[in-house]
Amino acid sequence: MAVIPLERKPLTFAERTYLPQIASGLWTTFKHIFQPQVTLSYPEQRPAIPPGYRGVPTLVRDPNGREKCVSCQLCEFVCPPKAIRITPGEIPADQADRAHVEKAPQAFDIDMLRCIYCGLCQEVCPEEAIFLQNQYSLSGYTREEMVNHKDKLYELGGTLPDQHYKWDQKKTAAEHGNTH
Amino acid sequence: MFDFFFQLHPVIQGLAKGLAVIMVIFPLAGACSLAERKVSAWMQGRPGPNRAIVPWIAWIPFLGVFLQKLGVFHLMSDGGKLLFKEEPVPGHVNKFYFILAPALAIMPAFTTVAVVPFGAYFDAAGAAIPLVLANVDIGLLAVFAVSSLGIYSLILAGWASNSKYPFLGSIRASAQLISYELAMTMSVIPVFLWINAPGQPGTMSLAKAVEFQSLPGFWGGSWFIVLMPISALIFLISLFAETNRHPFDMAESESDLVGGFHTEYGAFKWSLFFVAEYSHMIIGSGVFVLLFLGGWNPLPWVPLSTAAQLLGITGLPLVVGVLSIVIFLAKVVAMIFFFMWVRWTVPRFRYDQIMKLGWQKLLPLSIANLLFYAIAIAVIQK
Amino acid sequence: MAQILFYAFALFTLACAVGVVVNKNAVNAAMCLLLALVGVAGLFVQLDAYLLAFLLLLVYAGAVVALFLFIVMLLDTKDTASRGFRKVSTFASVFALGLLATGVSAFALRGRLTTPNPNLAAAVGTDLKHYAYQLFTTYLLPVQVIGFLLLIAMLGVIVLSKRWEGLDDIK
Ligand code: SF4
Ligand code: SF4
């Protein structure tokens, strides 16, 4: 690549007084007064959240309303700031719609004062049970309020469409004698 | 009509005038701070303050919303907040000077108002009588002298705060203000050389300057900004420097000095600094308007007396007086808008650039300008 | 009324002047100096010498004392504040006191002040033109002499602050 030395033109007298430049700058700022506003009036107008946004981590249910988390605790282990606390629990055998799923969390707490919204929990979850969705505004008066418990997590998460219905597949497989 | 006022005891008159100054300048300065927020917002494509509203005004159909969007009530809420906030006094400060400094900032700002004429009316003989609280013959000198005392508030605030950023801010302020005072004083001398024509009584009154811009004829009627553009330019630049406004706000310089001299201040003491800054702006703009923009004359070459004749109100001194005040205030408001406009256009200078500009550019330029006009005026008025 | 005001201003000025001398804290002293100047300006105003009063404020109170403060703040005054009297300063103060006493006593004993012509005094005070005229005719010599004095001081400062060639390595 050739180096092209550029001869800088010496400034003219008008340029050295800066006054024409300041005048043109004043014109620019003046034009801005009449341009449309670029900000949102926040609580009334909300920004559109782009897909892939990493908001507050939440737990989701499958379209049949079943909780998907099996309390494998992978997310608890992967979470860098150790924001997640899970107490695993068993699922009683009499729940027909969840047959062949043995475990579900008894308690599931995410401390939002620790969470760094890294999304690793969503990445690692084998059941696609935890998602960082588009909740971006959360606040509380106390530290306790900032810990999201299981009910809150499910309330925030809601239901997401599911392609696999993994448990149904497991159930079918079990009913067919688990032959692979 | 106002004869009863002049029959009062002079002390009571003085008190009334002082109160009037406080009652006018304080809200004006507050309005300026609001205007600053609003103008800044518009220039940056934001709506600006538009939330606060008094309930029973919100009930008025359109006006209420309009006033709310204009942010008028933020003035009250700001004032209330600053009044009732806790007054922090850090433990490491020199208490006496720390508390004295904001008061010192206010005093010169309010004192100078007294000698700035803000309007005029015509008596029966057709002579213009300026409206001014104290019509002293050395008006401009008084403004310069008293406002130069404002520097002590900056110095003392910075020194008494006993911490680094305020100290640096006050050091910068003191050097900067002194540097630009010279150029500023030099730049207005041509105006007064012109006014003190042979045969006239010597004067430095601001009202006289306006009188000389309302004479008949092309040269008589033109504003001094046309006759002496360099003087006006130097005065304007020095005015920015003297009022510590962008791009010369080295004393505050919030990007490198946090808040400069008022870093350690809060609540009402801080707001006093603010009011002082805005009153300086108002008075500076007023002086600039009087000296270079024709004072209360509506247009160049159209003096107030002609305008009054055109409108047919020559015989009504009260109406003419109000008209002149409105014209004058409109010009001052335009100047203040200009201050804010420049704030968002020209970035802050570096400190050495400020010193260089003041001593190496403006001062020689103002001296050359003075020499030129001294010779020119001597030739013309011989 | 005028008498009372005069005494008030005079006392105020004197008190502040004493404050300048006795204050250990340099900033306090500078502020006292400022107040003393304001008091003197007030006295001038009483004499109807508005121009003089405001010039005093503009130049001395507005700029010179501000520079004093500027320097004072840059100095580290901690260790000099506690230092006692040295021989030179004692001698100088005694000498100054003697001069002052001589002056005051001479003035009190044999001072003859002619009552100034009130018409002339008023003219000098209020009419700028008259004032300027006097400055450039009657008092031309003192003005020039003082100008030279200031020039000498300025030259001195330039000499002191100039970095001389070859002395750079001292730093
Ligand atoms: S959310 Fe996912 S990763 Fe976490 S415990 Fe439940 S199933 Fe395992
Ligand atoms: S987003 Fe990151 S920090 Fe937050 S809970 Fe999930 S893994 Fe932990």
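Quick note: numbers below take in every heavy atom, side chains included, and nothing from hydrogens, waters or symmetry partners. Given the structure is predicted, the values throughout are model-derived calculations rather than measurements. Chain letters run A, B, ... following the sequence lines, proteins first, then strands; residues in each count from 1.
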Novice: Other residues, nucleotides and ligands only: do more than 12 of their heavy atoms fall within 6.0 Å of CD on A:Glu44?
Specialist: yes

Novice: So which part of A:Leu40 gets closer than 4.5 Å to some heavy atom of chain B, the side chain, the backbone, both or neither?
Specialist: neither

Novice: Rounded to the nearest 0.5 Å, how far does OH of A:Tyr18 lie from NZ of B:Lys361?
Specialist: 7.5 Å

Novice: Can you tell me how far CZ of A:Phe30 sits from CZ of B:Phe337, rounded to the nearest 0.5 angstrom?
Specialist: 5.5 Å

Novice: Are A:Leu26 and B:Phe338 close enough that some pair of their side-chain heavy atoms sits under 4.5 Å apart?
Specialist: yes

Novice: So which atom in A:Gly25 and which in B:Thr345 form the shortest heavy-atom distance, rounded to 0.1 Å?
Specialist: C-CG2, 3.2 Å

Novice: Out of curiosity, A:Thr29 OG1 to B:Met340 CE, how far, rounded to the nearest 0.5 Å?
Specialist: 14.0 Å

Novice: Within a 6.0 Å radius of atom CZ on B:Phe62, are there more than 12 heavy atoms belonging to other residues, nucleotides or ligands?
Specialist: no

Novice: Would you compute the distance between atom NE2 of A:His32 and atom CH2 of B:Trp344 and round it to the nearest 0.5 angstrom?
Specialist: 13.0 Å

Novice: Can you tell which part of B:Val342 gets under 4.5 Å to a heavy atom of chain A, answering side chain, backbone, both or neither?
Specialist: both

Novice: Please say whether more than 12 non-hydrogen atoms of neighbouring residues, nucleotides or ligands are located less than 6.0 Å from CD in A:Gln35.
Specialist: yes

Novice: Mark yes when over 12 heavy atoms from residues, nucleotides or ligands other than A:Glu123 sit less than 6.0 Å from its CD; otherwise mark no.
Specialist: no

Novice: Checking A:Ser41 against chain B: side chain, backbone, both or neither under 4.5 Å from a heavy atom?
Specialist: both

